[in-house]
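Heads up: the structure comes next, in structure tokens.
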Amino acid sequence: MQSSSISIILVLAGQGLYSTQSLRAMKQFDLFWREPVKSVLQVVSYVTLDPELVGASCYIPQSSPVGLYVLQLLALPACFLVTLVPWTVARWLCRRDKIRVLFNLFVLLLVSLFTSITLMFSKPLECRQNPNGLSTVVDYAQVVCWTSSEHSVLVMLSAVGILAYPVSTLAWLTHVTWCYSTWISSTSGIQTVENYRFLFARFRPERYYYCLLFTLGNLAIGCIPACFASFPALQVGVMSLVLLARLLLHCLLWPWKHDVANWSELFLQGGVSILLSLATPRLELHRDGSADVLAMCVLCLLPLTLLLAAALGISKRSRKSNRYTMFLSHHKLSAGVFCRYLKVVMSKHARVNIFYDSDNLLNLGDLFDTVKTLTDSMLAVLTPQFLQSMWCAGELGTAFQHNLPIFGLCCDGYQLPEYQDWSIIESSWTEADRQRLVAYGLGMEEVRAAFAYLRRLECFHLSRTASGVEQERVAVRLLTSALTHLKVSFSAQAVEEGAVDKASVLVMSGSRAESISASLVLRQLMQQTLRTQTCHVARVEEMEAAVQASSVVIVLGEDCLQDAEYSKMVLFIPEFWTRVLVNDCLLYTSDAADEHRD
């Protein structure tokens, strides 16, 4: 409870810091601020790393603008050098956890002061025209823009600073955010995620990417004073749009982990927007024609908004991402949960859209049309019941009829029957099944041809009772083969065995194939949600090795209590562990929808 309270306090303090930096950016606008707002804005200047606040000009010969600016550039490296002292002591004491804490603090400083850092490094680019016709730097009025040698030096230093700090920080944060979803699902990547908890733990698990969006917003706010220095009206207009966009995005995503933080962010951003709106009448417009430019922008805003909304609507309906990279054709009762596992694993290793009927099928009548028009490839998950299902045979026949790449995955040593035995398979279908296939445009000849083609394929093989790592490796090889056939670039990551001794949560199941698949699905989803090491266990020896475990999820499958090893695992569970029971028996029963599907 105490840790949660401290976390909330730190988040609220960070939000106050972000809003303060937005006010500091607004202070750069050509607005006539009156008391007490003027004094408040002067106070917030202390978060901008401005050396003038500590009288730095007294130590620089003749108050050189270049010297002052170099001092600002060295402020962050100075902070880093200060942290090297405790870092060296920690390294000498072999306390690597302390080293990581120092690194986290320095990165958090860069992200937290992102707006101020951007404002600082863009100062030489903030030029404004004077009544005498000369353009000078706003903060260094004696420096003439673009013609003086001093300004050339300042611009070069500014470019170096922008590349070294805002650009590099944003590039690193983009990389971390892009890889986060893969790290959080992998056995080895979860430790990497732990190193970045200071960035992502503030947000809800499904909104982890908001840290990047928030930083992009801070970057935009920091760039506005320099980009529109000669157009004060546009400064105010663009800042209003950025603040409004951030406010709308916040309301749509509601990203912070704690509700109090979400409400705090809403009121702070709303307050800054209201303050800017109230100050707009104090804008000085006598020096340029930016008011006319702003008026034209406002007049064009409504039709542009309508066109953008229409374009987004059309692109959403027609974009290729609505297609499915792979269609999982399977018998629901014998391989339904296993296909759920395949979808989770494939989506973890590549940004692909996998069709899994329990998630994507809304109308059974659209099943074959989905195969024909929205699918790039098909995976036939072959179990003894696969060809006995009219729907599976129809999916296979439709894919073959429309020349889709077909891949086969034989489960648990299953072998396809000989072609001459097809009559036996066909005899298991009712007359109503045959008529239904004909109604969808599939005759028996097309289905037989698809079956003959499937027999000629070199199928992948997988044991559903093997370890999760072995199953995941087969799924990755299959995905690699499919994407290579579709000419999609894909670099598979190594699948590594999870360390049971470092797991905090265990998921245990019986020896039945679908029960193991259910446990593997739970393990993947729980690790993504809880952001902690989670392992699947199937033997008592594995539970004994889990010295850091504190919770166990017990998957109750069909006939699980008749499994001797499963019973031993249940009896082994320590009393102080948290236990969660998951009834998996419903996965093996058929409801009305399943009867129609299978």
Side-chain angles (χ1 to χ4, degrees), residues 178 181-182 185 314-332 335-336 338-383 386-387 389 391-411 416 437 440-442 446-447 449-462 471-493 597:
W178 179 268
S181 59
T182 302
S185 304
I314 295 172
S315 64
K316 186 175 180 180
R317 292 182 64 89
S318 60
R319 62 183 179 179
K320 188 176 177 61
S321 59
N322 285 337
R323 295 182 60 83
Y324 299 102
T325 307
M326 182 175 289
F327 185 103
L328 299 180
S329 179
H330 64 282
H331 185 266
K332 183 180 288 292
F338 173 66
C339 284
R340 163 76 67 185
Y341 173 69
L342 286 178
K343 178 176 180 177
V344 170
V345 168
M346 290 179 177
S347 300
K348 178 181 77 172
H349 285 274
R351 299 181 185 274
V352 292
N353 197 12
I354 306 294
F355 181 91
Y356 174 62
D357 56 2
S358 295
D359 292 342
N360 306 110
L361 184 62
L362 300 178
N363 185 352
L364 194 60
D366 297 334
L367 186 65
F368 297 155
D369 286 336
T370 300
V371 177
K372 285 190 292 187
T373 60
L374 296 177
T375 301
D376 294 329
S377 65
M378 170 174 284
L379 173 63
V381 181
L382 302 175
T383 57
F386 179 85
L387 291 176
S389 168
W391 294 104
C392 294
E395 293 163 358
L396 181 64
T398 303
F400 177 75
Q401 192 178 43
H402 291 82
N403 299 317
L404 291 182
I406 300 175
F407 302 89
L409 177 62
C410 294
C411 298
L416 287 169
L437 285 176
Y440 285 110
L442 285 172
E446 288 84 357
V447 177
F451 172 70
Y453 175 77
L454 185 62
R455 278 198 53 79
R456 296 194 300 270
L457 289 177
E458 184 176 349
C459 295
F460 293 82
H461 294 270
L462 179 145
Q471 295 191 45
E472 187 169 347
R473 285 172 179 164
V474 174
V476 170
R477 288 200 300 269
L478 201 156
L479 178 64
T480 303
S481 179
L483 293 180
T484 301
H485 192 280
L486 296 174
K487 298 182 180 179
V488 176
S489 59
F490 171 63
S491 178
Q493 294 187 348
R597 173 67 175 80

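Values reported hereafter were calculated over all heavy atoms of this structure, with side chains retained and with hydrogens, waters and symmetry mates removed.
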Worksheet entry | Atom pair NZ/CE of K343 and M326 - distance to nearest 0.5 Å | 13.0 Å

Worksheet item: Looking only at heavy atoms, what is the nearest atom pair of W178 and R351, with distance?
Response: O-NH2, 2.8 Å

Fill in: Distance-only side-chain donor-acceptor flag, K332 / S389, under 3.5 Å
no

Worksheet item: Between L387 and L416, is any pair of side-chain heavy atoms under 4.5 Å apart?
Response: yes

Discussion item. Tell me whether H402 at atom NE2 has more than 12 heavy atoms from other residues, nucleotides or ligands lying less than 6.0 Å away.
Written reply: yes

Practice prompt. Determine yes or no for a side-chain-to-main-chain donor-acceptor pair under 3.5 angstrom, with S377 supplying the side chain and T325 the backbone.
Written response: yes

Worksheet item: OG1/T373 to CG/D366 distance, rounded to the nearest 0.5 angstrom?
Response: 9.0 Å

Discussion item. So does T370 get a backbone contact from the side chain of T375, meaning a donor-acceptor N/O pair under 3.5 Å?
Written reply: yes

Discussion item. Give me the atom names and distance for the closest heavy-atom approach of G394 to L437.
Written reply: CA-CD2, 3.7 Å

Worksheet item: In Å and rounded to the nearest 0.5 Å, what is the CG to CZ distance from L404 to F327?
Response: 10.0 Å

Response to the item:
Heavy-atom closest pair (L396 atom, M378 atom, distance to 0.1 Å) is CA-SD, 4.0 Å

Discussion item. Would you compute the distance between atom CG of D376 and atom NE2 of H485 and round it to the nearest 0.5 angstrom?
Written reply: 11.5 Å

Worksheet entry | For the student: nearest non-hydrogen atoms of C459 and L454, plus distance | SG-O, 4.4 Å

Worksheet, complete the sentence: Smallest heavy-atom separation, A450 atom then G397 atom, equals CB-CA, 3.7 Å

Worksheet, complete the sentence: CD (E395) and CZ (F386) are apart, to the nearest 0.5 Å, by 7.0 Å

Item to complete: State, yes or no, whether a side-chain contact exists between V474 and L409 at a heavy-atom distance under 4.5 Å.
Response: yes

Discussion item. Tell me the closest heavy-atom pair linking V345 and A475, and the distance in Å.
Written reply: CG1-CB, 4.0 Å

Item to complete: Report yes if the side chains of F355 and D357 come closer than 4.5 Å at any heavy-atom pair, otherwise no.
Response: yes

Worksheet entry | Side-chain donor/acceptor of S481 to backbone N/O of R477, under 3.5 Å | no

Fill in: V352 side chain near L483 side chain, heavy-atom distance below 4.5 Å
yes

Item to complete: Could you pull out all residues at least two apart from Y356 that satisfy ring-ring contact (aromatic ring centres under 6.0 Å, His included)?
Response: H330

Practice prompt. Find the distance between OG (S329) and CD1 (I406) and round it off to the nearest 0.5 Å.
Written response: 9.0 Å

Item to complete: Using a 4.5 Å cut-off on heavy atoms from C-beta on, say whether the side chain of Y440 contacts that of K372.
Response: no

Discussion item. So R323 and N353, do their side chains get closer than 4.5 Å, heavy atoms only?
Written reply: no

Worksheet item: Taking side chain as C-beta onward, heavy atoms only, is L382 less than 4.5 Å from F460?
Response: no

Worksheet item: Does a side-chain heavy-atom distance below 4.5 Å link L462 with F338?
Response: yes

